[in-house]
Amino acid sequence: ARIVRDVVKELRSAGRTIFLTTHNLAEAEELCDLIGVFQGHLIRVDTQQSLRDALFGRGAVVHFAGPADPWQEVARALPFVRSVAVDVADSSDTLRSAMTVTLDDPDEQNPALIRALVAAGAPVRYVEPLRRSLEEAYLALLSGSDPRETTGRAGDLLRIAGGHTG
């Protein structure tokens with residue numbers, strides 16, 4: 001398997017187009033520029049990032065040194081914030097509390113978001129980009145449900161790796 005991945009990477013770097021059919025989503029994430037999802041028929045073809053952006057939006061995950069709940073309304077009050085969701089990795093460990101904020105343009109809007117939170121007294125530990133896996137996108141497409149729910153049945157998946165995407 002490793003030899004095949006290495007050959008695909010070599011061909012890709014040479015600008016060749018490779019059609020790769022796989023259920024190994026980590027492999028597809030590593031090797032493919034374009035992703036095609038099939039379930040009896042072609043559901044969608046797009047770049048990995050465009051699939052993620054279309055399904056989940058773009059944004060930031062703000063980690064707090066305490067519960068995130070008190071800071072939801074501060075974020076929601078900002079005109080550029082599309083949605084806010086609080087996630088606690090372990091409900092008994094509020095130190096790992098995080099808030100996911102969906103934005104149109106995180107590069108431009110993150111500074112204002114962080115300024116507003118800090119001005120309100122939020123104990124911000126760090127901020128990271130909102131990242132969703134290809135598996136989450138795949139399952140959201142197949143399930144046809146809310147993209148934040150990552151359940152669905154496995155279907156046929158075609159991955160397209162190419163040296164040129166545009």
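Owing to the predicted nature of the structure, the values given are computational and were not obtained by experimental measurement.
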Enquirer: For the pair S83 and V101, evaluate side-chain contact (heavy atoms from CB on, under 4.5 Å) and give the outcome as yes or no after the intermediate values.
Expert: CA-CA 6 Å; S83 68; V101 182; over 6 Å; no
Enquirer: Write down the atom of P111, the atom of P106, and the distance for their closest heavy-atom approach.
Expert: CD-O, 4.3 Å
Enquirer: If you measure from CG on L25 to CG on L134, what distance do you get to the nearest 0.5 Å?
Expert: 5.5 Å
Enquirer: Do you know which two heavy atoms are closest between A140 and F56, and how far apart they sit?
Expert: CB-CZ, 4.3 Å
Enquirer: Look at atom CD of E108 and say whether more than 12 heavy atoms of other residues, nucleotides or ligands are closer to it than 6.0 Å.
Expert: no
Enquirer: Do any N or O atoms from the side chain of S143 and from the backbone of L139 form a donor-acceptor pair under 3.5 angstrom?
Expert: yes
Enquirer: Would you compute the distance between atom CG of D107 and atom CG of D105 and round it to the nearest 0.5 angstrom?
Expert: 6.0 Å
Enquirer: Compare all side-chain heavy atoms of V124 with those of M99 and state whether any distance is below 4.5 angstrom.
Expert: no
Enquirer: Given the rule that I, L, V, M, F, W and Y join up when any side-chain heavy atoms are under 4.5 Å apart, are L130 and V81 in one cluster?
Expert: no
Enquirer: With distance as the sole test, does S97 use its side chain to make a donor-acceptor pair with the main-chain N or O of A68 at under 3.5 Å?
Expert: yes
Enquirer: Do the non-hydrogen side-chain atoms of I35 and V45 ever get within less than 4.5 Å of each other?
Expert: no
Enquirer: So, taking the atom named CZ in R5 and the one named CD in E27, what distance separates them when rounded to the nearest 0.5 Å?
Expert: 5.5 Å
Enquirer: List in chain and number order the residues that pass side-chain contact (heavy atoms from CB on, under 4.5 Å) with A112, two or more places apart in sequence or in another chain; answer none if no residue qualifies.
Expert: F80, R115
Enquirer: Does any N or O in the side chain of S13 come within less than 3.5 Å of the main-chain N or O of E10, such that one atom is a donor and the other an acceptor?
Expert: yes
Enquirer: Would R12 and I18 count as a side-chain contact (heavy atoms from CB on, under 4.5 Å) here? Give the steps.
Expert: CA-CA 7 Å; R12 178 182 177 196; I18 301 100; 4.2 Å; yes
Enquirer: Between R132 and A137 (side chain of the first, backbone of the second, donor and acceptor by atom type, cut-off under 3.5 Å), is there such a pair?
Expert: no
Enquirer: Go through it in stages, so that I can follow the logic: the residues are V127 and V61, the test is side-chain contact (heavy atoms from CB on, under 4.5 Å), and I'd like the CA-CA distance, side-chain angles, deciding distance and then a yes or no.
Expert: CA-CA 6 Å; V127 180; V61 180; over 6 Å; no
Enquirer: Out of curiosity, L141 CG to L51 CG, how far, rounded to the nearest 0.5 Å?
Expert: 6.0 Å
Enquirer: I want to check something: taking the side chain as every heavy atom from C-beta on, are S133 and Y138 in contact at a cut-off of under 4.5 Å?
Expert: no
Enquirer: After noting the C-alpha distance and the side-chain angles of L117 and F64, does the key distance pass the side-chain contact (heavy atoms from CB on, under 4.5 Å) rule?
Expert: CA-CA 10 Å; L117 289 167; F64 298 94; 4.3 Å; yes
Enquirer: Starting at CG of L103, measure out to OG1 of T100 and round the result to the nearest 0.5 Å.
Expert: 10.5 Å
Enquirer: Sorted by first residue and then second, give each salt bridge (Lys or Arg N to Asp or Glu O under 4.0 Å) pair with at least one member in residues 73-83; sequence neighbours left out.
Expert: E73-R76, R82-D104
Enquirer: Can E30 and K9 be counted as an ion pair, charged N to O under 4.0 angstrom?
Expert: yes
Enquirer: Partners of R52 by side-chain hydrogen bond (donor to acceptor under 3.5 Å, both in side chains), sequence neighbours excluded?
Expert: E29, Q48
Enquirer: Within the structure provided, determine whether R58 and T102 are in side-chain contact (heavy-atom separation under 4.5 Å).
Expert: no
Enquirer: Considering all heavy atoms of both residues, which atom of H63 and which atom of A98 are nearest to each other, and what is their separation?
Expert: ND1-CB, 3.6 Å
